[in-house]
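Structure record follows, encoded as structure tokens.
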Amino acid sequence: MTLSEKYRDEIAAILARYPVKRSALIPLLYLAQREQGYITEEAMIEIAGILGLTPPQVYETVTFYTLFNRKPVGKFHIQICKSLMCALVGSDSVIEWINTKLGIGPGETTPDGLFTLSLVECLASCGTGPMMQINDDYYERLTEEKVDQILSDLRSTGSSQLKSGPFMWPEPTKT
Amino acid sequence: MKAEYEPVTKEATPSSPTPNGRTMPQHEVILLKNMMQPGYGGSLTEYERAGGYQAIRMTLGKMAPSDVIAAVRKSGLRGRGGAGFPTGVKWGFLPKDYQGPRYLCCNADESEPGTFKDRQLMERDPHQVLEGIILACYAIGAESAYIYIRGELVLAAAILERAIGEARAAGYIGKNILGTGVNVDVWVHRGAGAYICGEETALLESLEGKRGLPRVKPPFPATHGLYGKPTVVNNVETLANLPHILTRGPEWFASIGSPPKSTGTRIFCVSGHVKRPGNYELPMGVTARELIYEHAGGMRSDKPLKAFIPGGASAPFLTPAHLDVKLDFESVAAAGSMLGSGGVTVIEEGTNMVWAALRLMEFFYHESCGKCSPCREGSSWLVQIMRRIVAKRGRMEDLETLSDLCKNIAGRTVCAFGDAEVAPIQGTLKYWRDEYVALIREAESANLIMPKPIGAQQHSSR
Amino acid sequence: MTTLASQSTSQQTGPLVRLTIDGITVHVPKGTLVIEAARRVGVMIPHFCYHPKLKPDANCRMCLVEIEKMPKLQTACSTLVEEGMNVRTATPVVNDAHKSVLEFILSNHPLDCPVCDQGGRCDLQDFSHQYTPTTSRFIEIKRVFQKEYFSPLIETQMNRCVQCLRCVRYCNEVMDVKALAPVGRGTLTEIKHFGPHPLHCEFCGGCVQICPVGAITSRLSMYEYRPWMLKRADTICGYCADGCQMTVQTKGQELIEVNSAWGAGRNNGDLCVRGFFGFHAVSHPARLTHPLIRRNDTLTVATWEEALAFIAERVSTIKQTYGGQSFGGLISSRCTNEELYVFQKFMRVTIGTNNIDSSARYGLLNAVHAMRAVQGVHRWTVSFEDIVAADVLLLVGTNITETNPVTGLRVKEAVKKQRASLITIEPLEPSIEPISNIANLSSLHCSVPSTYMCNAILGLLKAVVENNWIHADLTQRHPTYVRDLSEALAPIKWEALQATTGQDAAWFAAAAKLLAEGQRVVVLTGQSLLRQTGGYGNCLNLFDLLLLTGKLDRGGCGFAPLAEENNEQGAIEMGAAPEFLPGPCDSSARTERERILSSWTSDTPVAGGASLVEMLDQARAGILKAMFIVGENPVASLPAQVRAHDALRKLELLVCQELFLTDTAALAHVVLPAASSLEKAGTFTNTEGHVQAIRPAIEPIGESRPDWEIMAALSSLLGTPMDYAESRDILKEIREVIPGYGVLGPSPMMPRVEASAITRYLTDSYRHNLGERYRLLPHQKLADGTLQLELTHSLFHSGKFSAKAKGLLLVEPEGTLRISPRDANRFMLNNGDRVRLSNIRGEFTTTVKIMPRVPPGWAWFPNHFGSEVMQLFDCTIDPVTRVPAFRTTSVSIVKVA
Ligand SMILES: Cc1cc2nc3c(=O)[nH]c(=O)nc-3n(C[C@H](O)[C@H](O)[C@H](O)COP(=O)(O)O)c2cc1C
Ligand code: SF4
Ligand code: FES
């Protein structure tokens, strides 16, 4: 099914936001990535058609942004922040820990296709590092135990309660 | 995980004696006030109950847009995104007689390592940001605002979308706001993973659906911004200040902090080796010492402070000697760094500063957009030298090359990224040159100076 | 309507700004960039990303200069001059900046100059020498890109790329093709097409030309040369009528490369694929290298002496027996003006006949006759610069990207840079493909089948009249004309217009309003209209549109019919048509005729003379006994119905001057090898009427000789010697006959419309076939299973000549039937499927290519390969202009295994 068939209304709503069509490119790419976790060539061609761009114009944009995958990734895409602020509080050991737990290094996917590990730069959680993002969710102030729990939650239920809610740190005092 | 955290239960105390006995003036929490109320969920009703959306009622249709600009100029509010440009002055650059659309872009790209305040403002009190956006739109005559939010902040984007829905239903957003005839539409636009898109012109390019490459200036966004139309780009925190300035008056705002040039509060994002990392809203001009030792609880272990960054990764490191520097734009600049985005990263003794600089350099290398040669080639060259030195393959000549390259990048690039990327190296070379030398000595004694192939490496992610 | 304002458009001088550059004071127009101001005073600021054709991007940072009062160094390529500015380009700080930027750029650049085709003309190499960096401090590992196949014609070596993005920007800003993508970010950015796919685009070669280093090069000349080994000849492309200047580079007799310099020629450095990659046609191994004489019904090699003597002997006999009128001459409008002139003179003076025609008969003559009828002058009154300066452009049936690609660039420039409004009435759907589509730039597009284009023109006229956008002056001075036109348009119903054009009254009103309100309106038309039945009448109708809206005699406005072959305009002006003597003057107008004949000291046969199709008819009827055919191939170019083959077979003498043994030449009694346009001197007149010199790049191949030499030699043998030592002597004679012909300046002198001619038209001659040209073509429903077939042009070819160019064949090796995705669905066809087209006249099998730009219900077949498709077409002859029309037909289509 083409994107236009699948997301007709959503596409129309996105296009309505901008006076110039091309602005809808990144939102449409997110749509294209929603289900399969990566952006196929067909999707790029279709989006080019919707926006009146050539496929190379879509392609150049896709390749500029790190959140767009051009290859399949695991069901859970673990992205660990490795920037200085997280590194100061131990992100390297989280990476090592995940490496030993899952047997994958950066850029690799577990054989069961569940987890892909990526190292990324700062995700705006420097005060609550070490941290990682798995798909859409943040997990902060990681410890080995916490990581174990998150991974097993994801395996068993597909989500984990340990993910961050609306962010505030330090937390407001409870009364 | 080895890192230990102390549970944080105590609210930042408004006033307490600092170790050197001085007392900070009483300060009021402005931006974080609502969310610090226990149980505050950031919904429209809660925001309204806390006095929210009064500024709109007091301003829209009641005050001329030019008076709003004048008030903001008078308040002394300066941009919280990094450059610290006076907000009212920036608004004043828009062409007066221009017919046709104008735009406001709320810069919610928050990607500067060390900074995590906008995320909190958006996730915990989204309406405060929206009210600021509506006020700014009114002041500059924009009918559309785009919140350009970094792609990773999925939750914040969802919270904002929900808040926009609420505000639209309540008549704060949309056509004819509260019957005043003012129209403002607000849209959330997610980025997709590129630090450079925080730079205002790269942000506009990205919002136009292109690669996020900064534009050559002039022309500036004020005249040729989004779709070539007059545009203002303001940071989330900057905008969040507006409702307060307009309800309580510019004079009130101008009296906070270190007037006349650095007024109001800043949300300092403290990270690194402190007991209580987190966001602390304090008047500008608070000393680094008070911020770190009072509010953030001091060093996490018995190791003393070795270095700190006062304003995000792009700001050069400072040393313990600078702890009494007032955290306002001028004082930090005078100390040889910058207040930037307010990200304060604290580093304890025992941390290798060459390694720390390399970590930041890796970030800048990864994020260089590649548009202009000094930054593009310079970042890859610098990172390779730094990797070599840290891997104990350095040579003494490298130090001169490093400082030369830094000098050749700064001020010669399309955007300020070039100045940012050399900051960590220049700062560490200045204060901790001996650590570089030590690593190189080790290399020389082990005779390990051949470079290792790293140039052909692909980007680490995806 | 008598004041004929025609101002020069090329240079609009605004207010001047004074500034100092390295102490030298310079005055330049406001809006000039510092780098350009510096160039004017001979100060060369080093740069990579700057290019005068492109918008500044200031990404390489090479051009940093010091400007007084500015805190930082500024990029000269993006900074506009300001009054009183003081620029320094060689201070220690600036020198240091240049050195350091160069050091950065070189850091990842491979040291492969010895194997780089750019070596010797590389900006990077040059600047490196200038700034003599000591041995590189860069000891790290250089970035390495994996080599990927890029395309059959273009090679990339991305390790050499300096990421100035000139290629990408050119492809987008100038070409509007957008086929190149900068992929990735940071140092790992590389120029690619789409994913792993090889480049698929217009192959204009612009990226090859504009790359300042050796990152993008032509595969046709890889590793073959160093620039200093090459000999260069500046000449004019021999393919289409845009008349692009190009520099042909050769090594001995070998053609190495073609390029074109910015600022040079009417094309200002732009070329299309044919110019850039098509030059190998002339060195194709099948070139004729010796004269051939038919002996025992086979063509056998002969010497020039034998061949010429043979011809002279036969000509004398036939002429004696049947008279000069039994001869006919047909010449290609690819020949030079000099050759066309000598040929018509040969036919008229030496042979004594007016039976003479050229390939301009296939279309352009429709426009020329209309121009003469309405505006008096027979050529454009607007130049390419006027197209760029226009505020409203109307394109009707131009197929401009494919047929006249470089004129197309001027239209793109007008729209993209000057913000002109573009109205297009073209048989074309807007579409995103890596070949630019002019409809994408259009503000009002009417995608209309070419047969109904006539109705769309009527729609515009009707909208002008109904909304009373008629120029007041005209209504006052020529009320009858206005009334007659209004009355002719009145019975036409909007519903009927909409049924055939797809557009309603509102659309036509919007378009007509633009035209009426435009200050500088240029109407371009082309082959889809000119080669269509009724082409002449439709040109007149377009003139009516210009007249009604008061544009025809306004400066910057005009009618611009696009010729297809390189020298069609010249062919007509040289008199290679029965109705025209050189000038062109009416061959039946007494005074003119006498003036020319006296200069020839001859008495050419009385007026009359057969045109192309008439000659063939006469040959078939046994009236015409002999023909000279120069570079034309009627057997393959005309519909089978014309029976050119039968006609030529009946001739007692057929002499062909040719490059290749074509279908027509194969029937000849004598075939003479001719030199190509890369092997001779002369002039071509491009579509805008600009006469430009061509120069030989190589020696004639084999024993081939320029056509004019052959004709001059024959004329001597036949007793009417035409003594020309060189082509320039002929041009001199042309200039005597056509006063001032071809001022070989850098830009053309545009003639003005003749007021008297316009008055004549408005008072009387407009009445000619008014009823006919103002008749709506009724809607005809297509039978199920059928398509309308149109013969079109491909961008990758020109005539049949280009099918000999190896570069072009790599992109498009054979003719394919282009159909719309909708019809592909309807007939369940995929790319590459074989289909049989048939109608009552015949059938033809070909391969399908799906192209979104083809309008549903239509199929295009580019006519560059073989003649089989011609059997499907019918041929109608315009009663006024004698132009044969065989552009469209309907066919049924079935898939074959
Ligand atoms: C490389 C670079 C990254 C930036 N990133 C951000 C950012 O993430 N968020 C932000 O608000 N401003 C960022 N800025 C600053 C913006 O360019 C701009 O100054 C700011 O959005 C203006 O808003 P303000 O005046 O309210 O601070 C960045 C600047 C540069 C040069
Ligand atoms: S390939 Fe050439 S033209 Fe294109 S960006 Fe690289 S250096 Fe510039
Ligand atoms: S030529 Fe000016 S920056 Fe490249």
Side-chain angles (χ1 to χ4, degrees), chain A residues 17 19-20 22-27 29-30 51 60-61 64-70 73 79 83-85 87-90 93-94 97 106-107 118-130 133 136-138 141-146 164-175, chain B residues 1-3 5 8-11 35-38 42 101 110-111 113-116 119-120 123-124 150-155 159 187 189-195 206-212 227 269-273 276-279 313 343 345 347 351 356 359-360 363 366-367 460-462:
Chain A
R17 283 187 228 156
V20 175
R22 186 170 180 164
S23 277
L25 179 51
I26 289 179
L29 289 169
Y30 274 123
L51 301 180
E60 65 174 43
T61 305
F64 186 80
Y65 297 99
T66 55
L67 290 188
F68 295 128
N69 305 315
R70 274 171 294 135
V73 290
Q79 304 166 71
S83 292
L84 174 68
M85 291 69 191
L88 288 173
V89 292
S93 28
V94 176
W97 186 244
S118 298
L119 303 188
V120 300
E121 299 293 352
C122 183
L123 291 174
S125 299
C126 318
T128 40
Q133 178 170 23
D136 288 351
D137 301 316
Y138 275 35
R141 293 167 60 79
L142 296 175
T143 59
E144 287 173 4
E145 299 71 41
K146 226 167 150 180
S164 308
F167 173 78
M168 179 153 180
W169 201 259
E171 284 178 322
T173 346
K174 304 200 177 61
T175 36
Chain B
M1 284 323 311
K2 311 286 158 348
Y5 298 96
V8 181
T9 47
K10 192 169 63 123
E11 192 188 334
M35 65 185 86
M36 282 168 76
Q37 305 310 312
E110 187 151 71
S111 307
T115 316
F116 46 92
R119 179 179 164 215
Q120 178 165 326
E123 294 186 357
R124 283 291 179 139
R150 65 178 298 182
E152 292 89 342
L153 297 182
V154 185
L155 182 63
I159 290 174
W187 308 107
H189 184 99
R190 290 175 60 205
Y195 165 70
S206 179
L207 186 45
E208 289 181 7
K210 303 179 189 151
R211 296 159 61 78
Y227 313 124
C269 319
V270 187
S271 60
H273 297 147
R276 286 197 305 272
N279 283 323
T345 302
I347 295 177
T351 314
R359 269 301 156 116
L360 290 178
F363 168 82
H366 183 255
E367 298 299 337
S460 56
S461 61
R462 296 152 255 225

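Reminder, nothing fancy here: chain letters follow the sequence lines and each chain counts from 1.
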When you compare the side chain of [Y] with that of [X], does any pair of heavy atoms fall below 4.5 Å?
{"X": "A:V120", "Y": "B:E152", "result": "no"}
{"X": "B:R190", "Y": "A:Y30", "result": "yes"}
{"X": "A:F167", "Y": "B:I159", "result": "no"}
{"X": "A:S23", "Y": "B:Y227", "result": "yes"}
{"X": "B:L153", "Y": "A:Y138", "result": "yes"}
{"X": "A:M85", "Y": "B:C269", "result": "no"}

Let me confirm one number: the [atom1]-[atom2] distance from [X] to [Y], rounded to the nearest 0.5 Å.
{"X": "B:S206", "Y": "A:Y65", "atom1": "OG", "atom2": "OH", "value": "3.0 Å"}
{"X": "B:T351", "Y": "A:L88", "atom1": "OG1", "atom2": "CG", "value": "6.0 Å"}
{"X": "A:E171", "Y": "B:M35", "atom1": "CD", "atom2": "CE", "value": "13.5 Å"}
{"X": "A:T66", "Y": "B:E367", "atom1": "OG1", "atom2": "CD", "value": "6.5 Å"}

Using a cut-off of under 4.5 Å on heavy-atom pairs, state which of [options] scores highest against chain B.
{"options": "A:V20, A:L51, A:L29", "answer": "A:V20"}
{"options": "A:L123, A:D137, A:L25", "answer": "A:L123"}
{"options": "A:A87, A:C126, A:P19, A:S83", "answer": "A:C126"}

Top of B:G212, B:G278, B:A313 for chain A proximity - count of heavy-atom pairs under 4.5 angstrom =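 That would be B:G212.
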Against chain A, work out which of B:E123, B:R150, B:Q120 has the most heavy-atom pairs shorter than 4.5 Å and name it.
->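 Max contact count across the listed options: B:Q120.
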Do you know which of B:P113, B:S271, B:S111 makes side-chain contact (heavy atoms from CB on, under 4.5 Å) with A:C122?
->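 Exactly one candidate clears the test, B:P113.
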For B:F116 against A:S125, the heavy-atom pair lying closest together =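 Between these two residues, the closest heavy atoms are CB-N, 4.1 Å.
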Measure across B:P277 and A:G127 and return the closest heavy-atom pair with its distance rounded to 0.1 Å.
->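 Scanning both residues completely, I find the closest heavy atoms to be CG-O, 3.2 Å.
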Contacting region of B:T345 [heavy-atom separation from chain A under 4.5 Å] =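 The answer is the side chain of B:T345.
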For A:E60, is it the side chain, the backbone, both or neither that has a heavy atom under 4.5 Å from a heavy atom of chain B?
->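 For A:E60, backbone and side chain are both near chain B.
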Using non-hydrogen atoms only, which part of A:I26 is less than 4.5 Å away from chain B: side chain, backbone, both, or neither?
->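 For A:I26, the contact with chain B is made by the side chain alone.
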Measure from the side-chain N and O atoms of B:R119 to the backbone N and O of A:A124, and report whether any donor-acceptor pair falls under 3.5 Å.
->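 Present.
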